[in-house]
Structures are given as C-alpha cells and as structure tokens.
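Take a look at the structure below.
Numbers here simply count residues along the sequence, with the first being 1.
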Amino acid sequence: MNMKTKKHDHNQTIEAVDLFCGVGGLTAGLLKANIIVKAGYDIEISCAYPYESNNKGATFIQRDVQEVTKEDIEAHYSKGALRLLAGCAPCQPFSSYNQGKDVRNDKKWPLLYAFARLIREVNPEFVTMENVPDVVKHEVYHDFVENLKKQGYSVWAQAILCADYGVPQMRRRHVLLASRIGNIELIAPTHQGKHVSVRKAIGKLPAIQAGQHHEKDFLHRSSALNSINLQRIRASKPGETWRNWPEELRADCHRKNSGKTYVSVYGRMEWDKPAPTMTTLCYGYGNGRFGHPEQDRAISLREAAIIQSFPRNYRFVKKDDALSVSAIGRMIGNAVPVKLGEVVGQSILNSLRSQYRNLCTPTN
C-alpha cells in the first residue's frame with residue numbers, strides 16, 4: 001500500500017491580494033473565511049479609509065492595476081504561503097446597461113487583460129473573479145479563461161444568485177474560481193429556498209424620515225423627497241408599481257411608449273422577500289425599487305450596505321468628514337457582497353482540504 005505524495009498541507013496559510021478592492025467587500029468576506037488578505041489595490045483614494053479601517057492587516061494601495069508589476073504583488077506574500085490573487089474588475093463595460101453601445105474605448109475595458117497579465121507573471125495557486133453575468137458575452141472574458149487553462153489551472157465559472165448564498169438581494173453575478181493544485185468549485189447554495197428577507201436584514205433599524213439621519217448612525221440617512229415624490233411613495237404599496245398610482249402622479253416618461261416597460265422604478269421593496277439588486281444609485285427612490293417597505297422614504301445608505309451584507313458597523317467615511325451620499329452610494333453599489341466573498345473563501349479552503357484528502361488516500 002503506497003501513499004500519494006503530499007504537496008500541500010490543508011492547514012497551510014492562504015494569503016490574498018485583492019485587485020480592484022473598492023471599499024473591501026471581497027476582502028472582508030475572505031477575512032471572515034479565515035483567509036489572510038495582505039493588500040488591496042484600487043485607483044479610488046476615497047476607498048482607502050473604509051478598506052483599511054474595517055479590514056485589519058490589509059494595506060490599501062492606490063494604483064492603476066495596469067501599472068502594477070509582478071514584483072509589487074509578490075512582495076506581499078509570505079514565504080511558503082499559498083497565494084490567492086483576486087480581481088473583480090469594474091463591471092460597467094460588461095453590464096447589460098451598455099449592451100448595444102460602443103464601449104471599445106472605455107478605460108475600464110483593458111483591466112481584465114491587466115489582471116490576466118499579473119496572473120501569468122505571478123502564477124498564484126488560486127485565482128478568483130466576480131463580475132456581471134453578461135461578462136461571458138465578451139471576447140476579453142473568454143481570452144481570460146483560455147489563458148488560465150493554458151497555465152494549467154482548473155477553472156470553475158458560473159452565474160449564481162447571491163440570495164442562494166445568504167445575501168438579502170436578488171443579485172446575479174458571474175463567479176470564477178481557479179486552482180493550480182486541484183479541482184475547485186463554489187460550495188453548494190446555503191440558502192436556496194430559504195432566502196434572507198428585507199425584514200430580517202433591515203427590519204430592526206430605527207425609523208427615520210426622508211432627508212434625515214439617525215443621531216447615532218450618520219450613515220443611516222435617507223435622501224430627501226420633493227413634494228411630488230412624497231405623494232408617489234405614499235401611493236405606493238410593496239410589490240406594486242407606478243401603474244397602480246393615480247394618473248396625475250405618473251411621470252411624463254412613463255406616459256410614453258419608451259417608458260411604459262420601466263415598472264421597477266419608484267417602487268417599494270417587500271418585507272418578506274429579498275431586496276432587488278443594489279446599484280450605485282440605490283439611495284434614490286426614483287432609481288429602482290428602492291423605497292422602504294413601510295416608511296415614506298428611500299432606503300438609507302446603512303440599509304443599502306446591510307443588504308450588500310456589510311456588517312452593521314462598517315465604516316465608509318470618517319465621522320467628521322463631509323459625507324457625499326452619491327459617493328458612498330457608488331461605493332456600496334460597486335462592492336462585492338461580503339457574504340459572497342466569504343463563500344468564495346470557503347470554497348477555496350474546501351478545495352485545499354479536498355486536495356489534501358486526495359493526496360493522502362491510500363492506493364493499492
């Protein structure tokens with residue numbers, strides 16, 4: 001009876017570098033899964049405070065990923081650690097909102113190629129990427145996957161519903177996992193058929209009014225509503241649309257044929273269902289189904305962050321700094337849900353444990 005040669009210990013440390021890290025949604029999730037995150041790179045300096053103040057031990061580096069070198073990345077990893085390189089490139093060029101538009105000159109377009117270059121040069125043991133499902137419609141994505149396979153990576157890639165993994169919103173994302181040391185796949189859904197509802201996520205937060213914030217949490221603030229929008233939200237019921245309003249409350253754009261199909265705007269969320277996808281404009285009542293289920297206001301920034309599965313106490317700006325609702329809304333909407341990041345981390349650890357078991361299985 002022989003034992004297969006053991007190459008990697010299942011207790012071996014995994015260290016990560018998070019490219020396009022934003023405010024740290026993926027990093028926070030990886031840390032919850034007990035993966036050490038050494039650094040996050042992003043071009044937006046406004047992300048530095050939330051990234052570092054919430055994610056102990058992770059250093060924020062303001063840098064365009066296209067300018068990051070192999071030496072930059074390798075300097076973060078400890079000797080002997082298994083290396084994870086994560087890169088959730090901005091999704092705007094791949095979004096369904098841009099389908100039919102010429103985005104070839106979008107400055108974000110080459111970022112996936114920059115990520116592929118760093119993978120080729122650093123050759124980490126693990127890779128992960130998250131993006132919109134429509135990323136698979138683009139040549140750059142297929143080049144990215146093909147390059148991984150040529151380098152010997154086992155690749156798992158699939159669109160998933162975040163609500164199936166405990167994120168309280170109907171967000172669909174394309175997740176890719178790759179490993180050089182064995183097969184890898186995302187863990188099975190943890191909440192399929194038992195989604196986390198809006199009520200469970202934000203139902204216990206203190207009531208506030210439109211245009212106000214809570215005295216103990218300045219991020220728990222809601223955008224002001226003008227008189228017509230206040231009438232509209234009072235005429236709205238959870239799950240209904242503007243088609244249920246009195247005719248005089250309907251927006252001019254909805255009277256036109258081109259606007260009749262946009263039924264999700266100016267809507268309230270439903271208490272006992274997951275929220276809709278949080279976007280960069282999720283703080284605005286007229287930007288989607290972002291009305292609070294019963295209070296006459298749009299959801300607050302804190303509620304949007306919680307729906308993105310950020311911890312209740314996650315800090316986005318220093319208390320004494322000027323607060324820009326639009327800037328923080330953009331941070332929250334662009335983030336990888338923390339819970340999804342944790343699931344990615346758990347999946348990588350499961351892959352490592354599985355590889356260890358296989359290597360230690362006796363053969364005749």
What verdict does the side chain to side chain contact (heavy atoms under 4.5 Å, CB included) test give for Thr59 and Lys38, after you've listed the backbone C-alpha separation in whole Å, the side-chain angles of each residue and the deciding distance to 0.1 Å?
CA-CA 6 Å; Thr59 301; Lys38 304 293 284 188; over 6 Å; no
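- A donor-acceptor pair under 3.5 Å links the side-chain atoms of Ser222 to the main chain of Ala298, judged by distance alone.
- Counting only distance, with no hydrogens or angles, the side chain of Ser351 and the backbone of Asn183 share a donor-acceptor pair below 3.5 Å.
- Expressed to the nearest 0.5 Å, how far OG1 of Thr280 lies from CD1 of Ile328 amounts to 13.5 Å.
- Within the 4.5 Å cutoff, the side chain of Gln346 has heavy atoms near those of the Val343 side chain.
- Looking only at atom types and distance, the side chain of Asn55 has a donor-acceptor partner in the side chain of Tyr314 under 3.5 Å away.
- Judged purely by atom type and a 3.5 angstrom limit, Arg315 uses its side chain to pair as donor or acceptor with the backbone of Ser53.
- The environment of CG in Asn244 is crowded: more than 12 heavy-atom neighbours from other residues, nucleotides or ligands sit within 6.0 Å.
- The closest donor-acceptor contact from the side chain of Gln169 to the backbone of Ile307 lies under 3.5 Å.
- Taking every heavy atom of both residues into account, Val198 and Pro274 meet most closely at CG2-C, 3.8 Å.
- The environment of CD in Glu270 is crowded: more than 12 heavy-atom neighbours from other residues, nucleotides or ligands sit within 6.0 Å.
- Under a hydrophobic clustering in which Ile, Leu, Val, Met, Phe, Trp and Tyr are joined whenever their side-chain heavy atoms come within less than 4.5 Å, directly or via other members, Val136 and Tyr153 fall into the same cluster.
- Side-chain contact between Asp164 and His195 is present, with at least one heavy-atom pair separated by less than 4.5 Å.
- Under the 4.5 Å side-chain heavy-atom criterion for ILVMFWY residues, a single connected hydrophobic cluster contains both Phe115 and Ile61.
- In this structure, Met129 and Leu112 have side chains that are in contact, with non-hydrogen atoms separated by less than 4.5 Å.
- Put simply, the side chain of Asn229 reaches to within 4.5 Å of the side chain of Tyr266, judged on heavy atoms.
- At a threshold of 4.5 Å between non-hydrogen side-chain atoms, the residues Gln295 and Leu205 do not count as touching.
- Nearest heavy atoms, Val167 versus Lys339: CG2-CB, 3.7 Å.
- Within the 3.5 Å criterion, the main-chain N or O of Gly80 finds a donor-acceptor partner in the side chain of Gln12.
- Contact between Val155 and Leu148 at its shortest, heavy atoms only, is CG2-CB, 3.9 Å.
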Leu340/Glu130 under side chain to side chain contact (heavy atoms under 4.5 Å, CB included): CA gap, chis, key distance, verdict:
CA-CA 9 Å; Leu340 180 56; Glu130 180 257 23; 3.9 Å; yes
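- In this structure, a donor-acceptor pair under 3.5 Å is present between the side chains of Thr27 and Tyr51.
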Determine, step by step, whether Arg221 and Arg302 satisfy the side chain to side chain contact (heavy atoms under 4.5 Å, CB included) criterion, reporting the C-alpha distance in whole Å, the side-chain angles of both residues, the deciding distance to 0.1 Å, and the verdict.
CA-CA 7 Å; Arg221 65 174 61 221; Arg302 178 64 70 194; over 6 Å; no
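- Annotation: Glu185, atom CD; neighbour count of heavy atoms from other residues, nucleotides and ligands within 6.0 Å does not exceed 12.
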Apply side chain to side chain contact (heavy atoms under 4.5 Å, CB included) to the pair Leu85 and Tyr77, showing each step before the final yes or no.
CA-CA 10 Å; Leu85 190 57; Tyr77 296 118; 4.0 Å; yes
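- A donor atom on one side chain and an acceptor atom on the other are not found under 3.5 Å apart for Arg120 and Asn147.
- Between Cys21 and Leu26 the shortest side-chain heavy-atom distance does not fall below 4.5 Å.
- Cluster annotation: Val23 is not connected to Val65 through the hydrophobic network of ILVMFWY side chains, with a link wherever side-chain heavy atoms come within less than 4.5 Å.
- In terms of modelled atom types and a separation under 3.5 Å, the side chain of Gln308 and the main chain of Ala335 share a donor-acceptor contact.
- Relative ring orientation between His220 and His214 is described as tilted, the plane-to-plane angle lying within the 30° to 60° band.
- At least one donor-acceptor pair closer than 3.5 Å links the side chain of Glu125 to the backbone N or O of Arg83.
- With 3.5 Å as the limit, one finds a donor-acceptor pair spanning the side chains of Tyr285 and Ser236.
- Between Asn123 and Arg180, the shortest heavy-atom contact is O-NH2, 2.9 Å.
- Clustering ILVMFWY residues whenever any of their side-chain heavy atoms sit less than 4.5 angstrom apart, transitively, puts Leu301 in the very cluster that holds Leu281.
- Remark: Arg117 CZ to Ile119 CD1 distance equals 10.5 Å, nearest 0.5 Å.
- Across every non-hydrogen atom of Arg250 and Arg243, the tightest pair is NH2-O, 2.8 Å.
- No side-chain N or O of Ser347 forms a donor-acceptor pair with one of Asn350 less than 3.5 Å apart.
- In this structure, Asn287 and Val265 approach most closely via the heavy-atom pair C-CG1, 4.2 Å.
- Counting only distance, with no hydrogens or angles, the side chain of Arg173 and the backbone of Ile160 share no donor-acceptor pair below 3.5 Å.
- Two residues are said to be in side-chain contact when any heavy atoms from C-beta on lie closer than 4.5 Å; Ile45 and Phe60 meet this criterion.
- When the shell of 6.0 Å around CZ of Arg63 is examined, it contains more than 12 heavy atoms from other residues, nucleotides or ligands.
- Interatomic distance, Asp18 CG to Asp42 CG, rounded to the nearest 0.5 Å: 8.5 Å.
- Clustering ILVMFWY residues whenever any of their side-chain heavy atoms sit less than 4.5 angstrom apart, transitively, puts Tyr41 in the very cluster that holds Tyr113.
- Rounded to the nearest 0.5 angstrom, Lys32 NZ and Ser309 OG are separated by 7.5 Å.
- Looking only at distances, a side-chain donor or acceptor of Thr128 sits under 3.5 Å from a matching main-chain atom of Leu176.
- Taking 4.5 Å as the limit, some side-chain heavy atom of Pro276 sits within range of a side-chain heavy atom of Phe290.
- Side-chain atoms of Glu342 do not come within 3.5 Å of backbone N or O of Leu30 as any donor-acceptor pair.
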Applying salt bridge (charged side-chain N to carboxylate O under 4.0 Å, His left out) to Arg297 and Glu303, what does each step give before you reach the verdict?
CA-CA 12 Å; Arg297 60 175 178 83; Glu303 288 165 335; 2.9 Å; yes
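- Checking Gln231, Gln209, Arg268, Arg232 one by one against Asp296, the side-chain hydrogen bond (donor to acceptor under 3.5 Å, both in side chains) holds for a single residue, Arg268.
- Taking CG of Leu111 as the start and CG of Asp64 as the end, the distance is 6.5 Å to the nearest 0.5 Å.
- The distance from atom NZ of Lys194 to atom NE2 of His191, rounded to the nearest 0.5 Å, is 6.0 Å.
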